[in-house]
There are 2 protein chains.
Amino acid sequence: MALAHTILAVLSHSPFSGYDISKQFEEVGVGCYWQASQQQIYRELGKMEQQGWVTFEKIPQEGKPDKKIYQMTEVGQQELRRWFGEPTEPMPIREDLLVKVLAAPFMPRDLLVKELRHRRQLHTEKLLEYQAKEAEGKVCLPVPVDERFRYLLLRRGIRYEQDWVDWCDEVLDFLKQQESGPSQK
Amino acid sequence: MALAHTILAVLSHSPFSGYDISKQFEEVGVGCYWQASQQQIYRELGKMEQQGWVTFEKIPQEGKPDKKIYQMTEVGQQELRRWFGEPTEPMPIREDLLVKVLAAPFMPRDLLVKELRHRRQLHTEKLLEYQAKEAEGKVCLPVPVDERFRYLLLRRGIRYEQDWVDWCDEVLDFLKQQESGPSQK
DNA sequence: AGCCTATACTCAAATTGTTGAGTATGTCAA
DNA sequence: TTGACATACTCAACAATTTGAGTATAGGCT
């Protein structure tokens with residue numbers, strides 16, 4: 001049920017349309033740590049409206065479908081606060097790449113190397129993107145409080161990507177060592 | 001579809017019963033980077049059998065239901081190899097805790113601190129568990145090849161938990177600083 | 001003129017994941 | 001001896017996620 005709460009968290013900053021929210025889920029701000037498709041968001045908003053967590057105002061538009069601007073209700077705020085007070089559990093990692101490492105002893109070594117390089121590349125790109133964002137934000141101080149919290153999320157993203165890159169290097173090093181000197185069978 | 005491939009990866013080490021596999025998913029070896037419930041595994045094994053990726057041998061047992069020992073087929077091996085050659089994408093992070101940080105500017109600060117300490121604790125425990133495992137494994141060399149690959153997975157787990165602990169500390173520091181000197185509004 | 005992208009939302013289907021109950025028995029400890 | 005725990009699997013229902021199509025129009029590119 002965390003999707004609903006993520007939407008509530010977004011709406012606590014300001015009212016948005018479903019489309020706006022889905023855009024935010026694609027961006028670095030939200031999307032780098034919680035993904036959801038447009039369809040999921042629309043459906044969830046529908047459910048949330050039924051539960052009274054949000055209300056919407058229909059904005060008629062010409063040439064486009066009517067926009068629905070969603071806003072948190074008092075009930076929604078209470079729900080968010082209630083959820084905020086509950087302890088969370090870490091999400092389990094679910095990574096195809098790690099499954100590949102599990103299967104690796106029985107697979108051609110070069111395919112694994114290729115894959116690791118590929119992943120290293122992807123994580124490096126993300127990392128650079130986040131670091132650019134970080135440098136950008138550091139220019140102008142003072143910053144409003146919620147910007148500072150966003151910065152902490154960005155830090156989480158940076159660490160995460162850096163960690164992946166480092167691990168890829170570690171594995172790549174391991175494989176190189178194995179190759180050069182397979183001293184033990 | 002990665003669950004099926006994870007099961008194939010497990011079965012490439014040796015034949016197992018569904019129950020055995022589900023046990024492995026609970027352990028550090030597999031479970032720390034791919035979770036699945038017993039029911040999921042049984043269901044998946046059923047599907048895989050229909051597709052011809054695995055076969056099973058019924059082992060009658062006294063006092064217990066018959067055991068089904070699953071084994072990869074030639075087709076299953078081919079499938080695993082095909083999948084192994086395909087590039088993988090990083091899984092998106094989905095963390096309640098990060099959603100909480102997003103909502104944090106509008107929530108009581110002490111609840112966030114409590115939550116961060118809680119999570120820091122959980123990750124520290126995991127970390128110690130993994131590090132114990134690491135130290136254990138380092139005693140006796142030489143090690144067979146597939147043990148070495150398992151070690152790389154353990155390293156991924158260690159890094160992951162360490163990274164979470166470090167980030168929690170970073171956020172906790174940030175909050176302490178905010179508290180003591182809220183110089184800018 | 002034809003195509004792609006962006007805005008803005010809806011509906012349906014398939015797959016995956018979670019939760020809980022049900023069947024059966026052996027072992028170990030309080 | 002009662003209750004918890006481990007073995008070993010099945011079935012059912014629900015919730016969540018993914019995938020894809022469908023409706024509609026404006027604006028820009030070729």
Side-chain angles (χ1 to χ4, degrees), chain A residues 1-7 10 15-27 30-31 33-51 54-70 83 88-89 91-96 99, chain B residues 1-7 10 15-27 30-31 33-51 53-70 83 88-96 99:
Chain A
M1 268 288 183
L3 177 54
H5 295 100
T6 310
I7 293 174
V10 171
F16 286 109
S17 73
Y19 190 82
D20 292 335
I21 295 173
S22 80
K23 285 294 126 186
Q24 287 204 45
F25 273 76
E26 280 168 25
E27 277 163 31
V30 180
Y33 53 88
W34 200 282
Q35 255 74 2
S37 64
Q38 251 188 32
Q39 288 78 346
Q40 254 178 290
I41 289 161
Y42 285 130
R43 186 162 22 126
E44 203 65 33
L45 281 169
K47 272 195 255 173
M48 290 164 77
E49 200 262 319
Q50 283 193 324
Q51 287 177 288
V54 294
T55 49
F56 63 87
E57 200 191 339
K58 250 193 178 144
I59 313 256
Q61 293 193 118
E62 283 158 42
K64 290 178 209 169
D66 293 351
K67 202 185 248 200
K68 286 183 183 175
I69 301 289
Y70 285 90
W83 174 80
T88 64
E89 294 297 301
M91 276 269 150
I93 319 178
R94 276 199 181 167
E95 274 289 347
D96 291 333
V99 176
Chain B
M1 269 288 180
L3 178 55
H5 295 100
T6 310
I7 293 174
V10 171
F16 285 110
S17 74
Y19 190 82
D20 292 335
I21 295 172
S22 80
K23 285 294 127 186
Q24 288 204 44
F25 272 76
E26 279 168 25
E27 277 164 30
V30 180
Y33 53 87
W34 200 281
Q35 256 75 0
S37 62
Q38 251 188 32
Q39 289 78 346
Q40 253 178 290
I41 289 161
Y42 286 130
R43 198 188 352 177
E44 203 65 34
L45 280 169
K47 272 196 256 173
M48 290 163 77
E49 201 262 320
Q50 282 194 326
Q51 286 177 287
W53 294 3
V54 294
T55 50
F56 63 86
E57 201 191 337
K58 251 195 176 140
I59 312 258
Q61 294 192 119
E62 283 159 41
K64 292 177 210 171
D66 294 351
K67 204 186 246 201
K68 287 183 183 175
I69 302 289
Y70 286 89
W83 175 80
T88 64
E89 294 296 302
M91 276 270 150
I93 318 178
R94 274 199 181 168
E95 274 290 348
D96 291 333
V99 176

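Residue numbers start from 1 in every chain, and the chains themselves are labelled A, B, ... in the order their sequence lines are given, proteins ahead of strands.
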Polar side-chain contact B:Arg43-C:dT18 base: donor and acceptor under 3.5 Å:
yes
How is B:Gln35 classified with respect to the nucleic acid when contacts are heavy atoms under 4.0 Å: base, sugar-phosphate, or nothing?
nothing
Find the distance A:Met91:CE to C:dG17:P and express it as a whole number of Å.
12 Å
Using the side-chain contact (heavy atoms from CB on, under 4.5 Å) rule, pick out the option among B:Thr6, B:Val10, B:Ile7, B:Thr88 that qualifies with A:Val99.
B:Thr6
Rounded to whole angstrom units, what separation is found between the CD atom of B:Gln38 and the P atom of C:dT23?
17 Å
For A:Glu57 and C:dC9, what is the distance between atoms CD and P respectively, to the nearest whole Å?
13 Å
With heavy-atom distances below 4.5 Å as the criterion, would you say the side chains of A:Phe56 and A:Met48 are in contact?
no
Any side-chain N or O of A:Tyr19 below 4.0 angstrom from OP1/OP2 of C:dT7?
yes
Check the phosphate of D:dT10 against B:Tyr42, side-chain N and O only, distance under 4.0 Å to OP1 or OP2. Yes or no?
no
Comparing nearest nucleotides in DNA chain D, the 5'-proximal residue of the pair A:Trp34, B:Lys68 is B:Lys68
Could you state the atom-to-atom distance from CD1 of B:Ile7 to C1' of C:dT16 in whole Å?
13 Å
Do B:Tyr19 and B:Ile41 have side-chain heavy atoms sitting under 4.5 Å apart?
no
If only side-chain N and O atoms of A:Lys47 are considered, is one of them under 4.0 Å from the OP1 or OP2 phosphate oxygen of D:dA16?
yes
Starting from P on D:dT17, measure out to CG on B:Leu3 and report it in whole angstrom.
17 Å
Taken to the nearest whole Å, CZ/A:Phe16 to C1'/C:dA8 is 16 Å
Hey, does A:Ser22 reach any base, or is it just sugar-phosphate, or nothing, if we go heavy atoms under 4.0 Å?
nothing
Out of D:dC9, D:dT18, C:dT18, which nucleotide sits closest to the side chain of A:Arg94?
C:dT18
Under 4.0 Å, heavy atoms only, any strand: does A:Lys23 hit a base, just the sugar-phosphate, or nothing?
sugar-phosphate
Please report, rounded to the nearest Å, how far the C1' atom of C:dA8 is from the CZ atom of A:Phe25.
17 Å
Contacts of B:Asp66 and B:Pro92 projected onto DNA chain D by closest heavy atom; the upstream (5') one is B:Asp66
Looking at the base of D:dG20, is there any donor atom on it, or on the side chain of A:Gln39, that sits under 3.5 Å from an acceptor on the other one?
yes
Any B:Glu44 side-chain heavy atom under 4.5 Å of B:Gln40 side chain
no
B:Gln40 CD to D:dT10 C1': how many Å, rounded?
16 Å
Roughly how far, to the nearest 0.5 Å, is OH of B:Tyr70 from CH2 of B:Trp53?
14.5 Å
